[in-house]
Amino acid sequence: MQIASLLKQRLAAALAHLVDDPDEVAQMLRPTQDPRFGDYQANCAMPLKQRLNRPPREIAQQIVDHLQVADLCHEPEIAGPGFINLRLRDDWIGEAATALLDDSALGVEPPEQPRTLLIDFSSPNVAKPMHVGHIRSTVIGDALARCFRFLGHRVITDNHLGDWGTQFGMIIYGYKHFVDQAAFEAAPVAELVRLYRMVNSLIDYHSAVVALPEARTTAETLREEADQARQAAQDIEDKAERKRHKKQSDALSRRAAAAADKVVGLQHKVDAVEADDTLLAVAGQHTTIATDVLNETAKLHQGDPENRALWDRFLPHCQDEINRVYQRLDIHFDHTLGESFYHPMLPGVVQELKEAGLARDSEGAVCIFLPDFDAPMIIQKKDGAFLYGTTDLATLKYRNEHFAADEILYVVDSRQSDHFDKLFAVAPLIGLGHLRLRHVNFGTVLGEDGKPLKTRSGNNAGLEGLLDDAVAAAMDAVCDPDRTAKLDPPLSEAERQRIARVIGHGAIKYADLAHHRTSDYRFSLQKMVALEGNTVAYLQYAYARTQGILRAGQTSEDDVRKAEHPISVAADAERSLALALLRLPEALQQVADDYAPSALVDYLYETARKYMVFNDNCPVWKADDPAVQASRLALVVATSRVIRTGLGLLGIEVVERM
RNA sequence: GCCCUCAUAGCUCAACUGGAUAGAGCAGCGCACUUCUAAUGCGCAGGUUGUAGGUUCGAGUCCUACUGGGGGUACCA
C-alpha cells in the first residue's frame with residue numbers, strides 16, 4: 001500500500017464537496033519537512049482561495065470536516081495560512097509495517113495501467129575500450145529497468161550498440177597496415193585495441209600539427225588580453241566599477257587558461273608520436289590517414305567483401321570484450337540490436353521520407369527541415385553515407401513494428417538533446433505519434449578538478465581499470481584487518497574478496513545513481529568507497545547489522561516471518577523507522593515520475609540512517625519484554641528486506657558481514 | 001551570433017516539481033563504547049540559494065534582464 005495515495009484518495013473524497021476536480025486538487029499532498037507538522041500535509045486549501053472566494057483556513061476547515069481518516073490518522077490540524085497536517089496513528093503504522101513482512105512487493109501495488117517501456121541504454125561504441133563515459137547510461141538505464149519492472153510494468157531493454165561506425169574504419173585500416181599477426185592470434189581484443197589507439201593517435205597527431213599554430217596564437221592573444229584587463233582593473237578608482245572589471249578579467253584569465261590547456265593537449269598529441277622515432281616515421285608515411293580511414297568505413301558500408309570479412313571477424317571479439325564488463329556489473333539486455341542491424345533498412349527509410357515529401361535535397365544532402373529548428377536533420381550525406389539520425393529513425397520504425405511498446409526511453413547524454421528533439425519532432429510525421437518518446441538525459445562525469453574525467457594521456461579513463469581500482473580501494477577501506485578483527489569467525493579470504501567486489505562495484509554504481517541524473521557530478525574514488533556519509537558502504541553496514549542481529553539470535557528471516565509477531569511502535573526510533581519502511585512505494589513512484597533513480601538512493605540512505613538510530617536506541621535481544629523483542633526483531637527483518645530489495649533495484653548486491 | 005543547461009554552507013550534493021524556520025554528508029570542534037559490529041549515534045558551528053527586478057497568500061523552484069560556468073549549433077555519434 002502506498003500511504004500518500006491512500007491519503008490522496010481520502011482527501012479527494014473530502015474535496016468532492018468543494019470542487020469538480022477533486023483528484024487533481026488532492027495531488028497537493030506532501031510529506032512534511034518538519035515532524036512538528038505531522039507526517040503529511042495537504043496544501044490544497046490556499047490555492048483554492050481564488051476559486052472559492054473564501055479565506056484558506058475556512059476552506060481547510062471545510063475539507064477537514066469531510067475528511068474521513070480516523071482509521072489512519074489523529075485528528076487533522078489546520079496550521080499557518082491553511083495547511084492541513086496529518087499525523088499517522090502509531091497502531092496503524094505498526095499494523096502496516098507488520099503486513100510488510102508477508103509482502104514480497106514491499107507495499108508496491110500493481111499499476112492501474114501497466115505500461116510497456118522500451119529502454120535504450122548503455123549503447124557503447126564497440127571496438128574501442130569502454131570508458132567511464134559509458135557508466136552513467138549503463139547504470140541509470142539498468143536501475144530504471146529494474147525499478148519499472150518492480151513497479152509492475154513491462155520492460156524491454158535494448159543495447160543499441162555502435163558497431164558500424166568510424167571506429168571500424170580505424171581498426172580495419174590499422175589491421176591492414178600495422179597488425180602484429182602473432183599478437184592478434186594470441187589476444188585479438190588487445191591487439192585490436194592497440195591498433196585502434198595507434199590509428200587514433202596518428203590521426204590526432206596530424207590534426208594537432210595543423211591546429212597547433214593557431215591555438216598558440218589564440219592562447220597568446222587571450223593571455224595578453226587577460227593581463228591588460230587585470231592591469232586596467234587595478235587602475236580603476238571606483239570600487240564597484242573595479243569589482244566589475246575584476247570579474248571580467250577573471251573570466252578572461254580562465255578563458256586564457258583554457259586556451260593554454262588546449263595548446264598543452266595538442267602538444268601532448270604531437271609529442272606522443274614524436275617521442276617515438278618509429279611511430280614518427282609511420283606518421284610520415286600515413287599523412288592522409290584521416291580520410292583513408294573514412295574511406296575504409298565507406299567501403300565497409302558499401303559492402304566491400306574484404307572489409308566486411310574483417311568486420312565479421314572483429315565483431316565477436318569486440319562483443320566478448322563488452323560482455324565481460326556487463327557480466328562483471330551484472331547487467332543484462334533483452335536485445336542487443338546495434339547500428340549494423342539497421343544498416344540494410346536505411347536506404348528504404350530515406351526513400352520513404354523523400355516520397356512522403358518530408359525530406360528533400362539541400363546542398364547535396366538529404367534533409368528533413370523542421371519548424372522551430374535552425375538546422376535540418378540530415379539523413380544522408382552528400383557522399384551518400386547515412387547518419388545516426390537515419391539509423392535512429394529506422395530503429396524507431398523497427399521498434400514500433402516489433403515491440404508494441406507505448407513508451408521508449410533513450411538513456412543518453414544531455415549533449416544529444418538537440419538530436420532527440422528533432423527525432424521526436426519527426427516521429428509524429430511518420431505515423432509514430434502514438435509512441436511516448438523520452439530523452440532520459442544525464443550530465444557529464446567530471447574529475448576531481450571539475451573537468452570531464454580523463455587519464456593523464458588525455459584518453460578517457462578505461463572502465464575496467466576503474467572497476468579494478470574501486471575493488472582495490474574497497475579492499476583497503478572495508479577489509480582493514482583492524483576493523484574486521486572482531487568478526488567471529490574471522491573473514492575468509494574468499495569472503496574478503498567478495499566483500500571488496502560487492503562494495504567496489506556497488507560504490508561506482510551508487511555514487512553515480514546518488515546524483516540527480518541531469519547534473520554533472522564529480523567522480524571521486526576515495527569518497528565513493530568511504531565508510532562514512534552517503535556511500536554504499538554505509539548502507540551495506542546497516543544491512544550487515546541487521547544480519548548480525550539474526551545471527552546473534554540464531555534465527556533467520558524466514559523464522560521471524562513465520563512467527564508472525566506484530567510490530568508495535570513505541571519509541572521514536574521505532575516509529576520513524578517503521579514509517580520509512582512503508583515509504584518504499586512512494587520513493588519508487590518518484591523514480592518512475594522523473595526517470596531518476598536518485599530518488600531511491602536518497603530514500604535508502606534516509607532509511608538506513610533511521611535504522612542506525614534504531615539500532616543504537618532499541619536493542620533487540622536485551623529488551624526485557626518478549627513482545628518488544630519480537631516486534632523489534634520483525635522491524636529488523638523488514639528493514640533488511642527493504643534495504644536488500646532497494647539496493648537490488650539499483651543493481652547492487654549485499655554482504656552479510658563486513 | 002543563436003539555442004540548451006547549470007550557479008544553494010569552506011567542499012560534495014539534496015530539497016517530492018510553488019509550501020511553513022532551505023536540509024544531508026565531508027572537513028572542523030565537543031560528547032557517548034562493559035555493545036545484537038563505535039565502520040555508529042548525539043550536539044555545536046557553518047546560508048542575503050550568482051546579481052537586479054517581477055509574478056502571488058507564499059519563490060531555491062515560474063518570468064525578464066544581467067554576470068559567470070558547461071554543452072550544442074548542415075553532412076561524427
Side-chain angles (χ1 to χ4, degrees), chain A residues 4 28 30-34 36-37 41 43 46-47 49-50 55-56 79-83 85 123 125 162 165-166 244 247-248 250-251 254 294 339 362-367 373-383 385-389 391-392 412-419 421 441 443-444 446 450-452 477-478 480 483-484 486-488 514-516 518-522 524 527 530-535 537-538 540-542 544-546 548-553 586-587 589-590 593-594 598-599 602 605-606 609 612-613 615-617 619-622 632-633 636 657-658:
Chain A
M28 280 180 256
R30 300 280 117 83
T32 55
Q33 292 286 74
D34 188 326
R36 278 190 303 139
F37 304 133
Q41 59 185 32
N43 297 336
M46 287 86 77
K49 180 185 135 184
Q50 252 95 20
F83 296 105
N85 293 334
S123 310
N125 281 328
T166 315
R244 202 173 319 136
K247 214 173 172 185
Q248 278 169 359
D250 285 351
R254 274 195 297 273
L294 285 180
E339 291 171 344
S362 170
E363 296 177 29
V366 183
C367 301
F373 290 93
D374 292 337
M377 174 186 257
I378 300 177
I379 54 172
Q380 188 167 20
K381 302 204 290 185
K382 60 183 163 202
D383 68 3
F386 303 106
L387 291 106
Y388 71 143
T391 312
D392 278 351
V412 181
D413 206 309
S414 292
R415 281 177 294 195
Q416 294 192 36
S417 30
D418 264 12
H419 167 69
D421 287 346
N441 62 321
T444 310
L446 308 174
K451 293 179 187 161
V478 182
D480 177 349
R483 288 194 151 118
T484 53
K486 27 186 141 145
L487 291 178
D488 180 38
H515 297 83
H516 192 91
T518 55
S519 56
D520 296 348
Y521 85 92
R522 241 167 244 247
S524 163
K527 276 188 187 173
L531 306 163
E532 301 84 20
N534 188 0
T535 64
Y538 181 91
Q540 297 282 5
Y541 180 63
R545 293 297 295 266
T546 66
I549 291 173
L550 294 175
R551 275 194 305 272
E586 269 174 51
Q589 190 56 51
Q590 241 176 295
D593 288 347
D594 291 350
S598 54
D602 288 347
Y605 179 55
E606 208 45 49
R609 295 184 58 199
M612 283 304 192
V613 175
N615 203 69
D616 267 17
N617 292 292
V620 174
W621 303 121
K622 280 177 200 152
R632 286 181 179 172
L633 189 59
V636 168
R657 304 197 296 165
M658 61 184 281

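Computed over heavy atoms, backbone and side chain alike; hydrogens, waters and symmetry mates excluded. Note that the coordinates shown come from a computational prediction; the quantities given were computed from them, not determined experimentally.
Residue-to-nucleotide contacts include a donor-acceptor pair under 3.5 Å from the side chain of A:Ser362 to the base of B:rA74. For A:Asn85 against B:rA20, a side-chain N or O and a base N or O form a donor-acceptor pair under 3.5 Å. For A:Arg36 and B:rU21, a side-chain-to-base donor-acceptor distance below 3.5 Å is present, hydrogens and geometry of angles not being considered. Taking only distance into account, the side chain of A:Gln50 never meets the base of B:rC57 through a donor-acceptor pair shorter than 3.5 Å. The base of B:rA20 lies close enough to the side chain of A:Gln41 for a donor and an acceptor atom to sit less than 3.5 Å apart. In this model, a side-chain donor or acceptor of A:Tyr388 finds a partner on the base of B:rA77 within 3.5 Å.
Using C1' as the reference atom, B:rG47 and B:rC11 are 15 Å apart when rounded to the nearest Å. If you take atom P in B:rC2 and the same atom in B:rA65, they sit 11 Å apart, rounded to whole Å. Atom name P, nucleotides B:rG19 and B:rG60: the rounded distance is 10 Å, in whole Å. Using P as the reference atom, B:rA14 and B:rU21 are 24 Å apart when rounded to the nearest Å. Rounded to a whole angstrom, the distance from the P atom of B:rA27 to that of B:rU5 is 36 Å. Taking the P atom of each, B:rU37 and B:rC31 are spaced 26 Å apart, rounded to whole Å. B:rC76 and B:rU56: their C1' atoms are spaced 48 Å apart (whole Å). When the P atom is used for both B:rU49 and B:rA22, the distance is 10 Å, rounded to whole Å.
Here B:rA39 presents its P atom at 10 Å from CE of A:Met612, a figure rounded to the nearest Å.
The partner of B:rC2, taking Watson-Crick or G-U wobble pairs whose two distances both stay under 3.5 Å, is B:rG72. Base-pair partner of B:rU55: not found among the strands shown (Watson-Crick or G-U wobble, both distances under 3.5 Å). Of the nucleotides present, none pairs with B:rU61 by Watson-Crick or G-U wobble criteria with both distances under 3.5 Å. Judged by Watson-Crick or G-U wobble contacts below 3.5 Å, the nucleotide B:rA32 has B:rU40 as its partner. Look at B:rC66: its Watson-Crick or wobble partner, with both distances under 3.5 angstrom, is B:rG50. Searching all strands for a Watson-Crick or G-U wobble partner of B:rA45 with both distances below 3.5 Å returns nothing. The base-pairing partner of B:rC13, taking Watson-Crick or G-U wobble contacts with both distances under 3.5 Å, is B:rG23.
At least one side-chain heavy atom of A:Leu531 sits under 4.5 Å from a side-chain heavy atom of A:Arg483. Contact annotation: the side chain of A:Phe83 approaches that of A:Met46 to within less than 4.5 Å [non-hydrogen atoms, C-beta and beyond]. Using a 4.5 Å cut-off on side-chain heavy atoms (C-beta onward), A:Asn615 and A:Ile549 make contact.
For A:Met658, taking side-chain heavy atoms from C-beta onward, the closest of the listed nucleotides B:rA14, B:rC76, B:rA39 is B:rA39. Proximity note for A:Arg522 (side chain, C-beta onward) versus B:rU37, B:rG72, B:rU12: the nearest is B:rU12. Nearest to the side-chain atoms of A:Thr166 among the listed nucleotides B:rC16, B:rA74, B:rC76 stands B:rC76. Closest approach to the A:Tyr541 side chain among B:rC57, B:rU40, B:rC16 is made by B:rU40 (side chain taken as heavy atoms from C-beta onward).
At the heavy-atom level, A:Pro47 lies under 4.0 Å from base atoms of the strands shown. A:Ala544 comes within contact range of at least one nucleobase, with a heavy-atom separation under 4.0 Å.
Separation of atoms CD (A:Gln540) and CZ (A:Arg657) is listed at 14.5 Å; rounding is to 0.5 Å.
Map A:Gly389 and A:Ile378 each onto its nearest nucleotide of RNA chain B; the residue landing nearer the 5' end is A:Ile378. Where A:Leu487 and A:Leu531 meet RNA chain B, the nucleotide closest to each residue was compared, and A:Leu487 sits on the side nearer the 5' end.
Aromatic ring pairs are classed by plane angle as parallel below 30°, tilted from 30° to 60° and perpendicular above 60°; the pair A:Tyr605 and A:Tyr538 is perpendicular.
In this model, the phosphate group of B:rG70 is not approached by any side-chain N or O of A:Arg415 to a distance below 4.0 Å at OP1 or OP2. Remark: A:Tyr538 is in phosphate contact with B:rG41, judged by side-chain N or O atoms under 4.0 Å from OP1 or OP2. For A:Lys486, a side-chain nitrogen or oxygen approaches OP1 or OP2 of B:rA39 to under 4.0 Å. In terms of phosphate contacts, A:Ser417 brings no side-chain nitrogen or oxygen within less than 4.0 Å of OP1 or OP2 of B:rU73.
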A:His419 and A:Asp392: CA distance, side-chain angles, deciding distance, side-chain contact (heavy atoms from CB on, under 4.5 Å) verdict:
CA-CA 10 Å; A:His419 167 69; A:Asp392 278 351; 2.6 Å; yes
